[in-house]
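Here the structure is laid out as structure tokens; the discussion comes afterwards.
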Amino acid sequence: MDDLPLQKIQISGPTLASMIQRFSTALGDVDGLLFGHVSHIAPSSLSDDDPLGSSSDPSTFVATISGFLCSGTIDSFYDSSGQVNVLALRRLLADRVPLRSLIGWFSGRRRSPLRPSLRESSVTACLSTKAQFSFPIENSLSNFRPSLFLLFASPLSDQVIHTHEYKAYQYCLSSQTLEPKSIDIVNIGPAFRGHYGSFSPSSPFPSLACDLRGSPMAEDDTDATRVSKAQAQRELDTCAEGVQIGSLRRLMGSEATNYTAGLEDLYEKMLAKLDSLARLVEKTSAKVHEQESHNVKLRYKVAGYD
């Protein structure tokens, strides 16, 4: 099969963070499988000034990693010489994801340099020859075999700041080498701000009327306004105790230019509310643990072990 060199590899920030988290919390070195798809991106424009004319091939292939499977150990689907065990690989894939989405594998090593070992190169080379795991490329008539390799490594010495390094490779059949590929982290950077254009925040903060006429934030003293103020104040207290509903009117209108202090006070009270809830949960958990220990002692006593 001809080589289909990738221009770059894309991965979302949460997916990459999840992979690093699984690697950092594992008891030792780990490996796993990468899933996703490969797209063929045609050139957006053609120029008559191209001296090569139609003989050039400006096609771009981009691989997108959309998921992974961490085995929690090493040698999960290959032996010590780097030969892939197809049966073990199929067991990992069973009832998880379609075979056609397997695009490669990854390895995480602690306190080691960020370069592929001979065994990792052998595994990637062997995996790329398995035609049964190939899948069609989007917007193309070609197929792609799992030839990607993503390597994670931690520093050789302990550091105060916990850091991880990673690098992506694609196995090239013609040269029989692992070629480094750039990694594009999707949704990080100015180029991806447009992805959040339709974002609708979901927050427990109560929805309060912004119209000052008849609003709980107004200074009217009618019976209806007092009832509305009391109800809105109760809703506001669930998020930020100590903030008066009337003070929110300073955040709108002509007084909004000097709203910084009031907004900081609101956030401070909201953080204080979250802190009190966290401490309450901590105390409750301690009591539950104490009661569970007491129950265990009672069971031992009833059973005659004490």
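Bear in mind that the values here come from a model prediction, so they are computed numbers and not experimental data.
Within the 4.5 Å cutoff, the side chain of Ile137 has heavy atoms near those of the Phe61 side chain. Side-chain contact between Ile183 and Leu150 is present, with at least one heavy-atom pair separated by less than 4.5 Å. Counting heavy atoms from C-beta on, the side chains of Ser122 and Gln83 come closer than 4.5 Å. The shortest distance between side-chain heavy atoms of Val86 and Lys130 falls below 4.5 Å. Side chains of Lys181 and Pro5 form a contact here, defined as non-hydrogen atoms less than 4.5 Å apart.
With His40 contributing its side chain and Asn139 its backbone, the two residues share a donor-acceptor pair below 3.5 Å. One N or O on the side chain of Ser293 and one on the backbone of His289 form a donor-acceptor pair closer than 3.5 Å. Judged by distance alone, with hydrogens and angles left aside, the side-chain atoms of Ser121 form a donor-acceptor pair with the main-chain N or O of Ser117 at under 3.5 Å. For Gln170 (side chain) and Leu6 (main-chain N/O), a donor-acceptor pair under 3.5 Å exists by modelled atom type. Thr177 places no side-chain N or O within donor-acceptor distance of the main-chain N or O of Glu179, the cut-off being under 3.5 Å.
Closest heavy-atom contact between Trp105 and Leu127: CD1-CD2, 4.0 Å. Minimum heavy-atom separation, Pro116 to Phe149: CB-CE2, 4.1 Å. When all heavy atoms of Leu148 and Ala63 are compared, the pair lying nearest together is CD1-CB, 3.8 Å. Between Ser128 and Arg145, the closest heavy-atom pair is O-CD, 3.1 Å. Leu69 and Leu92 make their closest contact through CD2-O, 3.4 Å (heavy atoms, listed as atom of the first residue, atom of the second, distance). In terms of heavy atoms, Cys126 sits closest to Val84 at SG-N, 3.5 Å.
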What's the verdict on side-chain contact (heavy atoms from CB on, under 4.5 Å) for Met19 and Ile11, showing C-alpha distance, side-chain angles and the deciding distance?
-> CA-CA 11 Å; Met19 295 179 69; Ile11 185 173; 4.0 Å; yes
Can Gln132 and Arg90 be said to form a side-chain contact (heavy atoms from CB on, under 4.5 Å), step by step?
-> CA-CA 11 Å; Gln132 62 267 43; Arg90 289 190 180 277; 3.7 Å; yes
Let me see the working for Glu120 and Arg109 under salt bridge (Lys or Arg N to Asp or Glu O under 4.0 Å), right down to the final yes or no.
-> CA-CA 11 Å; Glu120 290 167 344; Arg109 294 189 265 108; 2.8 Å; yes
Working for side-chain contact (heavy atoms from CB on, under 4.5 Å), residues Tyr78 and Asp75 = CA-CA 5 Å; Tyr78 53 90; Asp75 301 343; 3.1 Å; yes
Take Ser66 and Thr64 through the test side chain to side chain donor-acceptor pair (under 3.5 Å) and record every step on the way to the result.
-> CA-CA 6 Å; Ser66 57; Thr64 301; over 6 Å; no
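For the residue pair Thr73/Ser76, the side-chain donor-acceptor check at 3.5 Å is not satisfied.
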Contacts table for residues 272-280: side-chain donor-acceptor under 3.5 angstrom, sequence neighbours left out:
residue, atom, partner, partner atom, Å
Lys273, NZ, Glu241, OE2, 2.9
Asp275, OD2, Arg279, NE, 2.9
Ser276, OG, Ala272, O, 3.4
Ser276, OG, Lys273, O, 2.6

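Sequence neighbours left out, the pairs with a member in residues 7-36 that pass salt bridge (charged side-chain N to carboxylate O under 4.0 Å, His left out) are Lys8-Asp184.
Geometric assessment of Arg110 against the ring of Phe23 yields a positive cation-pi assignment under the 6.0 Å and 45° thresholds.
Atom CD1 in Ile103 sits 9.5 Å away from atom CZ in Phe35 (nearest 0.5 Å).
In this structure, Phe152 and Tyr166 have tilted ring planes: the angle between them lies in the 30° to 60° band.
With sequence neighbours excluded, no residue forms a ring-ring contact (aromatic ring centres under 6.0 Å, His included) with Tyr169.
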